[in-house]
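In what follows, a single structure is set out as structure tokens and then discussed.
Chain identifiers are assigned alphabetically (A, B, ...) following the order of the sequence lines, protein sequences preceding nucleic acid strands; residue numbering begins at 1 within each chain.
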4 protein chains.
Amino acid sequence: MTRPAYVAVVGAGRSGVADADAETVGRLLAEAGATVVCGGLGGVMEAVCRGARAGGGRTVGILPGTDRADANAYVDVAIPTGLGEARNTVVVRSADVVIGIDGGHGTLSELAFAAKIGRPVVGLGTWQLTRGDGTEDDTIHVVDGPEDAVRVALRLAGDDPS
Amino acid sequence: MTRPAYVAVVGAGRSGVADADAETVGRLLAEAGATVVCGGLGGVMEAVCRGARAGGGRTVGILPGTDRADANAYVDVAIPTGLGEARNTVVVRSADVVIGIDGGHGTLSELAFAAKIGRPVVGLGTWQLTRGDGTEDDTIHVVDGPEDAVRVALRLAGDDPS
Amino acid sequence: MTRPAYVAVVGAGRSGVADADAETVGRLLAEAGATVVCGGLGGVMEAVCRGARAGGGRTVGILPGTDRADANAYVDVAIPTGLGEARNTVVVRSADVVIGIDGGHGTLSELAFAAKIGRPVVGLGTWQLTRGDGTEDDTIHVVDGPEDAVRVALRLAGDDPS
Amino acid sequence: MTRPAYVAVVGAGRSGVADADAETVGRLLAEAGATVVCGGLGGVMEAVCRGARAGGGRTVGILPGTDRADANAYVDVAIPTGLGEARNTVVVRSADVVIGIDGGHGTLSELAFAAKIGRPVVGLGTWQLTRGDGTEDDTIHVVDGPEDAVRVALRLAGDDPS
């Protein structure tokens, strides 16, 4: 590959059981040379950055507020946008592929936005979607664990080394 | 009620079977004195504005591009934001309640964003959501038809005349 | 003219001596059938809306915050963007022409943004600009009073009835 | 200092005589350990990144469009926002201090926005501002050359090592 992939990881801002998976995802992405992009705050965002830091990688936090100090301690490049929740669109735009881990409505909004603008989406324990006509939506590439999430995400980002 | 409700109506930008429902929703909202907010383009957006115009109401179109001429012919107040798809967040912020009609991933993103920021959501033939833990999400108030959609939306907006 | 002009009026958010001019500008714009767009808050924004209301016109307030109740009492269509100060770019984008009245750095930022994206700018008691090479910048159409401001603005918006 | 300063450098997007100064500013900022933030495109933006790269530093490009490939070759972290020119507000928000070099109306808009939100501004061969009441505006710290620009900017950012 000619340039590193940017992978957005989205999930809940509060700590929870998904944090362990997020940390593993971050570490594996870093070990693969990818840049991790996230919303820069706590919960899954902090866990994925902590993992990426442990893996020697680079993390970008795109913050809703106006103060860089809002970023978690594992963000390397902190961008306080001042855009509020609209910064979610920037998180997704910045990435070649988006991994959703668990998460609530904010996460769902980001995954759907990614699908809307043509970014591939990988889902780990996150939302399942049924369209208005009753058909299942297969946009989200459902994976079984963090290793699978990273493998599929990097393949979708066009960075499959195999 | 002391001030009119702002009701965002979101749905597909291409014309389809949902347009008839959207037009009825627009007409009924206008007759109830509500301001209709939408993304200002075609499909459901145009249909809801056409209905609102027929009902004597006011329509606001919040456009992604930079040219007011992009607005459909039934938009009264056209706001070309230049923000691209991020304008979806402004559509939702502008409303007291959001009605989703059918729609694809862009619509889903708007409904989820509304839920995230605490705007009530009414769904007419739109997405059904299952959380990562397998539980159904009951955030969207599912309705059976356009009359029901408007009735529930206005109640949730705090404008129930009853 | 085939459609009403949208005229953005920008100026200080605190009340001051410029408010009287802003109120006259609003009234004259309304009497000419133009839609007044502004940031929706106090000071010049409130004065121009008050004038436009008195003139029987329509006012649009594009707010930085998330609450429609932040709008001044003379805003007809209030758009709480949640974008913070970045909403200034939406105010300017929404208009065919921008009138700056007095104002501080926020106003200057809007006038310069308007010039950047090709919106004509009319200045009433506002900033004078000298480029880095020492030449005067003549982008702002300097006017002498509110009547002149409205006359020039409507001409630049392509709505000169003469 | 406990964390590196983020310094935004803003200027014209077309190549010109200011590029040499911009390249020196970038190199000196990098040598001082600062992160350079810019709009990610050509002209002054490319020159400052080229200098920062030569100085071993880190560069962040916050792009208006939706494609990371729009970034110049010396951007380390490229953020395609999809926000159009509204991304200027994110460039400024991201920085502890802003250096303006020459530049047109877009640059002026960024400098004024910085002043509005309380970011210190350093000007090298850029705009001079006169208020509506005829008084000179002294918000921009005028400097004589790139060395002076970097020295003053880092002091204003709170990173003066002296």
Exercise for the section: Please tell me if the side chains of A/I79 and D/V37 come closer than 4.5 Å, counting only heavy atoms from C-beta onward. Expected result: no
Problem - Pairs flagged by ring-ring contact (aromatic ring centres under 6.0 Å, His included) wherever residues 32-70 of chain D is involved - sequence neighbours left out - result: none
Compile the donor-acceptor pairs, distance criterion under 3.5 Å only, formed between chain A and chain D.
{"residue": "A/Y6", "atom": "OH", "partner": "D/D76", "partner atom": "O", "Å": "3.2"}
{"residue": "A/Y6", "atom": "OH", "partner": "D/A78", "partner atom": "N", "Å": "3.0"}
{"residue": "A/R58", "atom": "NH1", "partner": "D/D76", "partner atom": "O", "Å": "3.2"}
{"residue": "A/R58", "atom": "NH2", "partner": "D/D76", "partner atom": "O", "Å": "3.3"}
{"residue": "A/R68", "atom": "NH1", "partner": "D/S94", "partner atom": "O", "Å": "2.6"}
{"residue": "A/R68", "atom": "NH2", "partner": "D/D96", "partner atom": "OD1", "Å": "2.6"}
{"residue": "A/R68", "atom": "NH2", "partner": "D/D96", "partner atom": "OD2", "Å": "2.6"}
{"residue": "A/D76", "atom": "O", "partner": "D/Y6", "partner atom": "OH", "Å": "3.2"}
{"residue": "A/D76", "atom": "O", "partner": "D/R58", "partner atom": "NH1", "Å": "3.2"}
{"residue": "A/D76", "atom": "O", "partner": "D/R58", "partner atom": "NH2", "Å": "3.4"}
{"residue": "A/A78", "atom": "N", "partner": "D/Y6", "partner atom": "OH", "Å": "3.1"}
{"residue": "A/S94", "atom": "O", "partner": "D/R68", "partner atom": "NH1", "Å": "2.6"}
{"residue": "A/D96", "atom": "OD1", "partner": "D/R68", "partner atom": "NH2", "Å": "2.6"}
{"residue": "A/D96", "atom": "OD2", "partner": "D/R68", "partner atom": "NH2", "Å": "2.6"}

Exercise for the section: Flag the one option from D/V90, D/V77, D/L83 with the top tally of heavy-atom pairs under 4.5 Å to chain A. Expected result: D/V77
Exercise for the section: Please state whether the side chain, the backbone, both or neither of D/L63 comes within less than 4.5 Å of a heavy atom of chain A. Expected result: neither
Problem - Interchain contact, D/V60 with chain A, by part (heavy-atom threshold 4.5 Å) - result: side chain
Handout entry: Side chain, backbone, both or neither of D/I117 within contact of chain A (heavy atoms, under 4.5 Å)
Key = neither
